[in-house]
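Both ligands and their constituent atoms are indexed starting at 1 by order of listing. Heads up: numbering here begins at 1 and tracks the sequence.
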Amino acid sequence: MKTIFEYNEETTGHLSDEEIQLKLPSDLMRDDLELPNISEINVVRHYTNLSKKNFGVDVGFYPLGSCTMKYNPKVNEDMAKLNGFAGLHPHSSEECIQGALELMWRLEQQLKEITGMDAVSLQPAAGAQSELLGATIAKAHFDQKNEKRTKAIIPDSAHGTNPATAAICRLETVVIPTDSRGNMDLQKFKESLTPDIALVMLTNPNTLGLYEENILEICDLAHKNGTLMYCDGANMNALLGITKPAEQGFDMIHLNLHKSFSTPHGGGGPGAGVLGVRSFLADYLPIPRVTKQNTKYVLDYEKNKSVGKIHSFYGNFGMLVRAYSYIMSWGTDIRKVSEHAVLNANYLLSLLKESYHLSYNRSCAHEFVISSKNFGEKSALNIAKRLLDYGFHPPTIYFPLIVSEALMIEPTETESMETLDRFASALKKIAVEINANPQLVMSAPHSTPIGRLDEVEAARKPNLRWNPSLENDKMGSH
Ligand SMILES: *Cc1c(COP(=O)(O)O)cnc(C)c1O
């Protein structure tokens, strides 16, 4: 039997809906479909109630470390929705999209200023894709110089995308351990810095929320070895307007616009990672490049040494509008973002230090990692679940991998002191509960629409819609 769409295409042309209905053959007219027959108000209530079961940054505190779940001002959404931006067709001629090109050009200038880099590509769709671009550029750079380099140095605190990127680019990862102060171990780094190292991928501040104290020496040693320094700048919240990664010695950096520059994320995209590079790598960036010729903006498809394209058209343009709007609304005050992010993190850390173990006792940058190892195995998971009963989204847990029972907390700059106080008091109460009434914490959450999930089963076999045959399951099992 043909589908109604095929039937439509072939035989009905431009008929009205009513005419189509009259012409439909009887074998397409089925009355055995179990379509719900309910009123509008019931549909509205159903979906409104479903939406209230969700948790987002507009509902409550969301301290998910390394993810920067900060509040994204709604004005940035309004800007991205402007018809002149949202209604653009990517095939429009350059004359018709001068405003969009100008916005991209200006955003590149702003990000150059923020990172200290000489050129920026807005094309990658995410941090991981930006890393892929950076490593690809590094390979092209060494190919050009006729140097065979096959390895990347990555500290053991790094985000999983770093070694994954190296693997995809066929670079062998050399893992450097973290020292007792939470820095990449300098001695081990020196020993590993052999002539076949193409790239050092470093996150600064690292995923422990700590500033790499030896960053100048590391960059210097790498450069003397002919090695490129790649900065994972997914989280720029500690550095904005305070220091520039290029001045620390990095040759490349990626930024996640969907973390530090106000694009809502967490629902799976779209996002935007951008890559900044120093001038000697600029010719390798993807095409087209937006350039300014007198007062006109043009798309330059000249390939030169470009590694090609990493995304269709010009990247995820809507995210670029949000980031531009966000940066413009801060202007030269953008440093305050970082000052408040770092202040909030240190304030929260000082409140929690007595109840939770701190592996590296230093003041932190925009986030910090505490450990619940004193409360036993699996305690981080149980504490995270119990936090839901207090109305908070849990922090990141079990990352970075080098801290056992890790709770990685990033309050971000947008939270008030009252919220931080309430969160700290919830975590302190749980620290008491876990000893006094372990069962209460181990079986949490108790107040959410669905209780404790089997995490593996929930990830492997997600059950995301109502299904009559599972009605008796009550969705409780997964
Ligand atoms: C989020 C993050 C990434 C990956 O970025 P995606 O946009 O999720 O691909 C890489 N490194 C760090 C430190 C991150 O926090």
Side-chain angles (χ1 to χ4, degrees), residues 57 62-70 72 111 115 121-136 152-169 173 175 178 182 184 199-212 215 229-240 245 250 252-276 310-311 315-316 318-320 322-323 338 341 345 364-369 395-403 406-412:
V57 81
Y62 204 139
L64 200 61
S66 205
C67 292
T68 311
M69 305 304 286
K70 65 182 177 188
N72 303 294
L111 298 176
T115 58
S121 171
L122 305 174
Q123 221 178 78
Q129 205 186 25
S130 224
E131 290 174 30
L132 175 63
L133 176 60
T136 306
I153 283 184
I154 300 175
D156 61 0
S157 60
H159 193 277
T161 50
N162 294 186
T165 297
I168 285 185
C169 292
T173 296
V175 181
T178 297
M184 177 166 78
L199 206 59
V200 178
M201 297 185 88
L202 213 57
T203 310
N204 193 26
N206 63 29
T207 63
L208 295 161
L210 301 174
Y211 196 82
E212 280 291 342
I215 187 61
M229 288 299 304
Y230 183 98
C231 183
D232 179 339
N235 311 108
M236 267 300 274
N237 280 42
L239 306 185
L240 286 175
F250 284 105
M252 296 189 250
I253 181 172
H254 83 252
L255 306 174
N256 282 14
L257 300 187
H258 50 284
K259 286 181 183 167
S260 316
F261 297 93
S262 182
T263 277
H265 62 291
V274 302
L275 185 76
I310 190 103
H311 193 284
N316 284 332
M319 276 72 253
L320 309 182
R322 288 170 174 86
S338 292
C364 64
H366 62 297
E367 65 190 356
F368 59 92
V369 180
T396 299
I397 51 174
Y398 300 104
F399 180 74
L401 307 174
I402 51 175
V403 176
L407 295 150
M408 183 196 213
I409 300 173
E410 179 180 9
T412 84

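Between H258 and H265, the angle of the ring planes goes over 60°, which puts this pair in the perpendicular group of the 30/60° scheme.
When all heavy atoms of A272 and L320 are compared, the closest pair comes out as CB-CD2, 4.4 Å.
The closest side-chain donor-acceptor pair between N235 and N256, if any, does not fall under 3.5 angstrom.
Contact residues for ligand 1 (protein heavy atom closer than 4.0 angstrom to any ligand atom): S66, A126, G127, A128, E131, H159, T161, D232, A234, N235, N256, H258, K259.
For the pair H366 and P205, the minimum side-chain heavy-atom distance is below 4.5 Å.
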Does the side chain to side chain contact (heavy atoms under 4.5 Å, CB included) test come out yes or no for V200 and F250, once each step is laid out?
CA-CA 9 Å; V200 178; F250 284 105; over 6 Å; no

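At distances below 3.5 Å, not a single donor-acceptor pair connects side-chain atoms of K259 with backbone N or O atoms of M69.
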